[in-house]
Amino acid sequence: MAVDPVVYGASDRQPRGDYTRAGADYTCPQDYDSYTAVDHDTYRRLYARQAALLPGLACDEFIAALPSLGASDHIPRFEEINDRLRKATGWEIVTVPGLIPEVPFFTLLANRKFPVTDWIRKPEEFDYIVEPDVFHDLFGHVPLLFNPVFADHMQEYGKGGLKAHGLGACEQLSRLYWYTIEFGLIQQQNGLRAYGAGILSSSGELQHSVQSPEPQRLPLDIERVMRTRYKIDSFQQTYFVINSFQELFDKTAPDFTPVYERLQGLHDIAADARLAEEEAIQH
Ligand code: HBI
Ligand code: FE
């Protein structure tokens, strides 16, 4: 089954992007003239396929914010989106050549700057992308930055990331990012929906995450998330569910230092582990 998970930080590969273009903070100009007609058409086809899948599967806030991306038939100029995004929540898109190290990444988020990769996958990679490309970052991550509560959470996440780095807890914090910002689910009045960017930009996982009986779905518990390993090359086997973005903000607002200390004495949990005492949310 062709899946298109986004692989974070896998060090066994040469990154795709041209990092010589980037400055000390890893940002660079959007190389708009480098896009070919094929690149724009790839974006158009990815957008059309994904937008058709959203009803009944993507959360309401995402569907409401998606038009803020602007053009759907070609790769947008980031500055055009920024004109709207700054007014909406004070966030702005900055361009990066691809995955960047954690401290520069967290630093950008802490300053309400979201790093968006500017290259796009080749047509032969239509269903499977190893690293985040402009479609994953723009379509998956940027719409919810127009939502005030989610936008505030993302900045707090960046600040928390810098603190975690100081405490040597980056792995725990990247699991939180993975199971919320990348692969999070939200329980709406009218049913379960996806809000994670890795799901929303994936043609296969969007249906799987919301409707398949295979994966387990647990209420968001910070300690459980931070103990749970994740797989980067297949659909998730565990999803964590929130009831609102306010819940995500409130649960991740406290200082995690005591959590990191408690975790020291606890073993990791496999991505597919089903612990007897846990109440799974029925899909
Ligand atoms: N870099 N450009 C970019 N985009 C990401 O989403 C990203 C990253 N570097 C690290 C990273 N995400 C994850 O490891 C976070 O958990 C930090
Ligand atoms: Fe992502």
Side-chain angles (χ1 to χ4, degrees), residues 3-13 15-19 21-28 30-31 46 50 62 69 78 91-121 128-145 150 153-184 194-202 205-206 209 222 225-226 228-233 236 240 248 252 256 260:
V3 296
D4 51 353
V6 166
V7 176
Y8 281 99
S11 55
D12 57 352
R13 261 186 357 277
R16 291 271 289 258
D18 170 9
Y19 288 74
R21 295 189 292 133
D25 62 356
Y26 282 85
T27 65
C28 57
Q30 180 185 13
D31 189 0
L46 283 166
Q50 208 58 25
F62 180 87
L69 284 192
F78 296 171
W91 273 82
E92 68 177 272
I93 291 171
V94 290
T95 308
V96 289
L99 285 173
I100 63 177
E102 294 190 327
V103 170
F105 179 69
F106 291 139
T107 304
L108 289 170
L109 296 189
N111 290 284
R112 293 179 95 91
K113 295 178 191 307
F114 192 84
V116 175
T117 297
D118 63 349
W119 55 263
I120 193 163
R121 67 192 78 180
Y128 185 98
I129 181 74
V130 179
E131 288 178 45
D133 71 341
V134 66
F135 182 74
H136 167 83
D137 281 338
L138 265 193
F139 190 97
H141 284 285
V142 173
L144 283 180
L145 291 176
F150 194 87
H153 166 69
M154 284 294 281
Q155 180 175 31
E156 289 312 309
Y157 180 83
K159 292 178 190 169
L162 293 173
K163 198 188 296 182
H165 182 75
L167 297 166
C170 274
E171 172 57 28
Q172 286 72 19
L173 207 86
S174 69
R175 291 171 180 174
L176 176 62
Y177 187 86
W178 189 266
Y179 282 114
T180 56
I181 295 161
E182 289 297 355
F183 290 95
Y195 74 89
I199 304 178
L200 290 165
S201 58
S202 157
E205 192 151 4
L206 183 49
S209 67
I222 298 302
V225 170
M226 289 191 172
T228 308
R229 287 196 293 270
Y230 54 85
K231 291 189 177 156
I232 55 180
D233 53 2
Q236 302 312 304
F240 289 89
L248 177 61
T252 56
F256 288 149
Y260 298 142

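As the structure lists them, so they are numbered: ligands from 1, and atoms in each ligand from 1.
Considering only residues two or more places apart in sequence or on other chains, Q172 meets the side-chain hydrogen bond (donor to acceptor under 3.5 Å, both in side chains) condition with none of them. Scored by the side chain to side chain contact (heavy atoms under 4.5 Å, CB included) test, S209 finds L185, A194, I199, E205, Y239 as partners (sequence neighbours excluded).
Residues F106 and Y157 form a side-chain contact, since some pair of their non-hydrogen atoms from C-beta on lies under 4.5 Å apart.
Taking 4.0 Å as the cut-off, F106 counts as a neighbour of ligand 1 on heavy-atom distance. Heavy-atom separations between T117 and ligand 1 are all 4.0 Å or longer. Taking 4.0 Å as the cut-off, G98 counts as a neighbour of ligand 1 on heavy-atom distance.
Going from atom CH2 of W119 over to atom CZ of F135 covers 13.5 Å, rounded to the nearest 0.5 Å.
Listed by atom number, the atoms of ligand 1 under 4.0 Å from S174 heavy atoms are 16 (O). Ligand 1 places these atoms under 4.0 Å from at least one heavy atom of E102: 14 (O), 17 (C).
When each of F183, F105, F240 is checked for a ring pair (Phe, Tyr, Trp, His ring centres under 6.0 Å) with Y177, only F105 meets the rule.
If you look at F62 and F139, their ring centroids are closer than 6.0 Å.
Of the angles at the Fe ion (ligand 2), the one spanning NE2 of H141 and NE2 of H136 is 100° when given to 10°.
Counting heavy atoms only, I100 comes closest to atom 9 (N) of ligand 1 of the residues I100, L99, V96.
Distance check for E182 against the Fe ion (ligand 2): an N/O/S atom falls below 2.8 Å.
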